[in-house]
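We name chains A, B, ... by the order of the sequence lines, and we start the count at 1 in each one.
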2 protein chains.
Amino acid sequence: MLKEERQKFILDQVHLHHRVLLNDLSDSLNVSIDTVRRDVKELAKDRKLKKVHGGATSFGFMNFRKDEGNVYLQSKKIAIAEKTVSLLSEGQVILMSGGTTNMEVAKMIPKKLALTVFTPSLHVAMELLELPEVEVIFLGGKLLHDAKFAVGGTVVNSLSQLRVDMCILGTGYLDAVHGLTEFDWEVIQVKQAMIRAAKKTVILSVSDKLHSVQKYKTCDMTAVNTLVTELDPNDELLDAFRPYDLTLI
Amino acid sequence: MLKEERQKFILDQVHLHHRVLLNDLSDSLNVSIDTVRRDVKELAKDRKLKKVHGGATSFGFMNFRKDEGNVYLQSKKIAIAEKTVSLLSEGQVILMSGGTTNMEVAKMIPKKLALTVFTPSLHVAMELLELPEVEVIFLGGKLLHDAKFAVGGTVVNSLSQLRVDMCILGTGYLDAVHGLTEFDWEVIQVKQAMIRAAKKTVILSVSDKLHSVQKYKTCDMTAVNTLVTELDPNDELLDAFRPYDLTLI
DNA sequence: ATAATTTTTGCATGATTTTGCGGCTTTTAC
DNA sequence: GTAAAAGCCGCAAAATCATGCAAAAATTAT
């Protein structure tokens, strides 16, 4: 097999899966791991892919852990995103946090719907910029390496000067008793500020995350106006939330 | 068998299978490997196929996927990025604008180099977040849909509160007489603020962009401390810039 | 037709590239 | 912290390549 063939195969795999392991490549190509390593090194030098520990990834910006998110969760998130988009209307000014669910929402916004969206999430911002009618304002600040999410005083401060129609909070853990919780202190500071800045608070959550509690608390359930899940609004799993004054969809 | 016939056979094989091995050709043509080698060499000189180690491939083999921009510019940008990275040192606080050249710089920063980087560019920020030792602060504001770049009063205002070691300006057009120019009014506001916020201004420019002028002016050459191109610092194309008090690398 | 000339081909030789392996360092995970 | 995995470096074997040269083949001239 020619070196060119190998490298093309590697590139194809990378583009297809966004991420490949050197071991798998060495396996399916029947060459030593060193050879694959050298190939990847070469391709990386030409900027055809990005070399990472143990493998390689594509250069696209949407290559964040795409593989480990199971398809099963993905379909739920799409269902949630559909419901969420139905809440939006022309000319609104909204806030969107980060997370994969909010990314799905961004992808699903109709191309002709004019909105103004504030967000501290790089991924969401990137996705929203594909929509010509959406004005995107990034809430700048120190970026978290893993979440690609801006946190810190600057963000909170900017938010304190806003009064928007709606805020859509994506990630987070939800429990009827303990409310909305997170595992990152800095993130809850931002989310609290987002809630304060919005007239309405919409929470998106796949049912798997319901009834789970993390270290830090963002807010009580009383602060939430709408809860969006992939479930039917009458599902018994949601019973715990019915005592509160919120809309289930 | 005539030479012409052989070469036609070789070309047919290449077009059919996208790749051939010299050994196979020598085998099926019943000629020595050297003859085949010579044939392939000749065909490669006429650009009929691409010669690779051990065989030949058709031209469209590797690049069915469109690389953004031409490879020719890409290599220049990589050269510039290499020089630029050599200007960086541990612990510095810097500003980076957007553009593909600055992206290359971000990609080339060593994994272990600790920096603090402010940027209004989504792409640059995204790339910098791959580096664990780099603290990334996004300068938030209204995002331009095409450039994925934050502009507006918020950005300028944030910049006015900064005093950083160096600012690295990527895109833009450069001319010895007219200085640094842009085609977007909002962008030059940001770039001017970046220059004001930095002790040193570094300009990156591929030689193709030298001596070209756009509508709006960011600054004079006198404001520039270092000019990085892919050329040798002694290249005569840079002569026009020598009268100014700047470093050419 | 035959000799002279040019082109092509095959082979030997040494240079270059590619590849896998072992030892050793770095990174990651627990 | 420590163990395991991954990466890096240098080396040597194998494969491929370039070059020179002489024989074979084809072309041309006489």
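Note that the CE atom of B:M108 and the CD1 atom of B:I78 stand 5.5 Å from one another [nearest 0.5 Å].
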All N/O pairs under 3.5 Å across the protein-nucleotides 6-8 of chain C interface:
{"from": "C:dT8", "atom 1": "OP1", "to": "B:K3", "atom 2": "NZ", "distance (Å)": "3.1"}

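Contact annotation: B:N23 side-chain N/O to D:dA15 OP1/OP2 distance is not under 4.0 Å.
Note on A:V52: only backbone sugar-phosphate atoms sit closer than 4.0 angstrom, heavy atoms only; bases stay farther off.
The side chain to side chain contact (heavy atoms under 4.5 Å, CB included) with B:L204 is formed by just one residue from the set B:L227, B:T226, B:V228, B:L169; it is B:V228. Only one option out of A:V155, A:V190, A:V151 pairs with A:L139 in a side chain to side chain contact (heavy atoms under 4.5 Å, CB included); it is A:V155.
With hydrogens and angles ignored, no donor-acceptor pair closer than 3.5 Å exists between the side chain of B:D34 and the base of D:dC17.
Note: CG (A:L29) to C1' (C:dT18) measures 15 Å, nearest angstrom. As a whole-Å value, the separation of A:M1 CE from D:dT16 P is 14 Å. Computed from coordinates, the A:E4 CD to C:dT17 P distance equals 14 Å when rounded to whole Å. Distance CG (A:L21) to C1' (D:dA6): 12 Å, rounded to an integer number of Å. The separation between A:R37 atom CZ and C:dC21 atom C1' is 13 Å, rounded to whole Å. A:L22 has its CG atom 14 Å from the P atom of C:dT28, to the nearest Å. Per the geometry, CD belonging to A:E42 stands 11 Å off C1' belonging to C:dT18, to the nearest Å. One can place CG of B:D27 at 12 Å from P of D:dT16, the figure rounded to the nearest angstrom.
Both B:I33 and A:R38 lie close to DNA chain C; mapped to their nearest nucleotides by heavy-atom distance, the more 5′-ward contact belongs to B:I33. Heavy-atom distances to DNA chain C give each of A:L2 and B:K111 a nearest nucleotide, and the one nearer the 5′ end belongs to A:L2.
Heavy-atom neighbours of B:R163 CZ from other residues, nucleotides or ligands within 6.0 Å: above the threshold of 12.
A:F241 and A:H211 have their aromatic ring centers within a separation under 6.0 angstrom.
Scanning for side chain to side chain contact (heavy atoms under 4.5 Å, CB included) contacts around A:F183 gives A:Y173, A:Q214, with sequence neighbours left out.
Proximity note for B:K51 (side chain, C-beta onward) versus D:dC17, C:dT9, C:dA12: the nearest is D:dC17. Of the candidates D:dA6, D:dG20, C:dT18, C:dT18 carries the atom nearest the B:H53 side chain, counting heavy atoms from C-beta on.
In this model, a donor atom of one side chain and an acceptor atom of the other lie less than 3.5 Å apart for B:S58 and B:H18.
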